[in-house]
Amino acid sequence: MKKIYFAVFTLMCTNFYAQTKRDSIIEIDEVIINENRLSTPISKQNRNVYVINSEAIKKLPGRTLQEVLQYANGVDIRQRGPFGGQADVSVDGGSFEQTVVLLNGAKIIDSQTAHNMLNLPLPVEVIERIEVLRGPAARIFGINSLTGAINIITKKPTDSGFLVSTYAGSNFEKDTQDTGDTFYGGGIQVGAVLGKEKQQHSIFASHDKSNGYRYNTGFENNKLLYQGNVQINDSNEILGSFGYVKNGFGANGFYAAPGDRNSTEIVQTTFANIQSKHAITERWKIMPRITYRYNYDDYRYLGNNNLNVGRSQHYTNSIAAELNSSIKTENGEIGFGAEFRNEDIHSSNIGDHDRENVGIYAEYRTYLFEKLNVNVGTYLNYNSDYKWQIYPGIDASYELTEEFKIIGNIGTSQRIPSFTDLYLNQRPGNIGNPDLDSENAFQSEFGFKFNRKSLNLNVNYFYREISNYIDWTRMTTTVPWQSQNYGDLITNGINMRGTYRIDLSSDSKLNFMLGYSYLDSKFKDTRSEPFSKYLISSLKHQITNTIDFQHKDFSVLFATRFNERVTGASYWINDFRVSQSVKKFTFFVDAQNIFNTTYFEVGAFPLPSRWFSAGVKFVSF
């Protein structure tokens, strides 16, 4: 019945027209959210979008994308490896396969397993902002954006120069189970940028190494990233990027504890993207894009001792092409586009498989009345395994005052099972299920935004239903885990986020951020009552809080995170960073998990205890 109401509402909205000139009124410093076809100032967004900007990233006590995302309200980062090692990311209680990650609008989909989705060569210094879009987003980003999307926007340099940074750290504990050495970690990063009027180029390389924080958790990580922008003229621009990551690490307890105590893993990822923007007329723009991703995953159950037993090797390729376009009309803006994606895998225990996906987008934005803004659209999808499906969505906002806005949206989306879900044959540990149905989500959300000069407040409630929810389950501990369509997952959620700034003087500022998320999830129509591998550890309560003080070039930040999962103990994690800039040098000291909390995110092995690190960075641009 709700689908009928949704279709009628969609049809009614497309018949209204009252676009005003409000869209052209944009504050100079306001963040513009780019959704591939339509670009919207953050103040006029009808969706619940959380933006972590470069200033906030610079102050946080983390050197990797994974560590930065730990402080994002409603985002669940479940790390296996330390300090940006392998990590699963999810939004608002979804699984790690249900959130799509994008780099400058290009989708990063790992068709083997989303465990490797954040294996990206992105130093935090190149990130302009991170946009977290909550709720089903198929009409904006296509498949796999079931519970949300995380779009990482990189900087476009305006000056030329170079960067050199280095750091080192330790928990001052010893590896009593192996070498007896003190646990440590360190790294170096170099980069150079060229910022000209018509072209901008940047290249970064880094090397990180650690012997871990407990037995067999050491890693060695090498990254390379190039980005280039060329403005041919006022109407045409070309953007390109290339990245490579090689990450080798001890995988003690990652997948099959306690038998995998000596296991190791090597993951290599290559990513390339070229896209362009063309203003055909003053009103009509087109944006083509081609993206390629290659991933090699080599898992060794017995480590390097016996490569003939318990070894899994996966070679995955994906290539995608997109064409997006937008047309401004007298009454609004039309966005439309199409995408094609081919994915294939060659694997020792998944086999050889390939599939294709074709999607068509259409959306329309207008003001029905002076203060009522509406976006409506749909995504038509064809998958070679799952055939035709359609995913409409609508969002709207009403400005009660210049500072207070009510927002609401209804969205649908889909998640195609990964090759691991479908075909894995890793007995006696895990086996796939080729009869899986795709997951489908329906979500409605209602909330408000309040924005004043120093105060920003967002409060939202959502209801979500995921049908054919996929989890790895088993009836007893003597049989393998197997992927199953477990049932329909119903989630009611609340998320609140506020920021407040106090200008103590012209040179001193005090900033507060406080976020809270609550999720109540339950199944209906479950097909069995087995043990669950992933759902059992989803978040129920989450608090994120940062307090930072800045005086000229000196800053102090204290960060607190509280997680309470559906099962297991709740825990507080507290981090600290002090930094001082002297001309082109920045010195910093980090203290992570300063109260030495013992906590678990995946499996039964604890994550790092108290850890101290210090570093220096030289930036000439």
Side-chain angles (χ1 to χ4, degrees), residues 14 17 19-47 49 51 102-107 128-129 131 133 137 139-142 149 151-158 194-202 226-242 272-291 320-340 359-367 373-379:
T14 57
Y17 59 95
Q19 178 74 10
T20 70
K21 296 182 180 180
R22 299 169 65 90
D23 279 349
S24 63
I25 304 175
I26 301 174
E27 296 180 16
I28 294 176
D29 296 326
E30 186 166 24
V31 172
I32 305 298
I33 305 299
N34 296 298
E35 297 175 336
N36 284 338
R37 289 160 297 281
L38 306 182
S39 299
T40 310
I42 185 65
S43 67
K44 299 185 182 299
Q45 262 287 334
N46 300 336
R47 297 291 297 263
V49 180
V51 176
L102 305 99
L103 178 58
N104 295 318
K107 287 189 283 292
E128 176 64 30
R129 65 183 183 274
E131 303 168 355
L133 177 71
R139 73 172 179 85
I140 301 172
F141 295 123
N151 192 13
I152 305 156
I153 308 298
T154 57
K155 295 177 181 178
K156 181 186 293 185
T158 56
L194 174 68
K196 299 293 185 181
E197 182 181 359
K198 293 293 186 180
Q199 56 179 310
Q200 302 84 36
H201 303 272
S202 61
Y226 163 79
Q227 294 191 117
N229 301 62
V230 177
Q231 293 79 46
I232 299 173
N233 51 44
D234 293 340
S235 300
N236 300 279
E237 180 179 9
I238 299 175
L239 305 89
S241 60
F242 171 84
N273 170 259
I274 185 166
Q275 54 187 311
S276 58
K277 301 178 181 179
H278 309 279
I280 307 302
T281 67
E282 290 185 359
R283 293 177 176 264
W284 180 24
K285 296 180 180 179
I286 62 171
M287 294 148 283
R289 174 188 293 128
I290 297 176
T291 304
E322 296 180 60
L323 178 61
N324 294 296
S325 183
S326 65
I327 298 176
K328 291 187 177 181
T329 68
E330 294 296 327
N331 302 314
E333 188 172 7
I334 300 171
F336 55 93
E339 67 171 354
F340 170 80
I360 300 173
Y361 302 87
E363 53 187 319
Y364 179 59
R365 178 177 69 188
T366 188
Y367 274 91
N373 180 259
V374 172
N375 289 43
V376 61
T378 192
Y379 176 70

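Only this structure's heavy atoms are used, side chains among them; waters, hydrogens and symmetry mates stay out.
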Closest non-hydrogen atom pair, Gln275 against Asn104: NE2-O, 3.5 Å

Plane angle bin for Tyr226 and His201 - parallel if under 30°, tilted between 30 and 60°, otherwise perpendicular: parallel

Interatomic distance, Asn229 atom CG to Leu239 atom CG [nearest 0.5 angstrom]: 4.5 Å

Partners passing side chain to side chain donor-acceptor pair (under 3.5 Å) against Lys196 (at least two apart in sequence or in another chain): none

Donor on one side chain, acceptor on other, Gln231 and Glu197, under 3.5 Å: no

Straight-line distance of Ile152 CD1 to Glu128 CD, nearest 0.5 Å: 13.5 Å

Residues in ring pair (Phe, Tyr, Trp, His ring centres under 6.0 Å) contact with Phe141, at least two apart in sequence or another chain: none

Results of side chain to side chain contact (heavy atoms under 4.5 Å, CB included) for Ser235 - residues two or more places apart only: Asn233, Ala279

Euclidean distance, Asn373 CG relative to Gln45 CD, rounded to 0.5 Å: 9.5 Å

Spacing of Ile238 atom CD1 and Gln199 atom CD [to the nearest 0.5 Å]: 11.5 Å

Main-chain N/O of Lys285 paired with Ser325 side-chain donor or acceptor, under 3.5 Å: yes

Between Glu339 and Tyr379, a side-chain donor and acceptor under 3.5 Å: yes

Enclosure of Lys328 NZ (heavy-atom neighbours >12, cutoff 6.0 Å): no

Any side-chain heavy-atom pair of Gln227 and Pro157 under 4.5 Å: no

Test item: side-chain donor near acceptor, Asn324 and Asn36, under 3.5 Å: no

Within 6.0 angstrom of Leu194 CG, more than 12 heavy atoms from elsewhere: yes

Ion pair check, Arg129 and Glu131, cut-off under 4.0 Å: yes

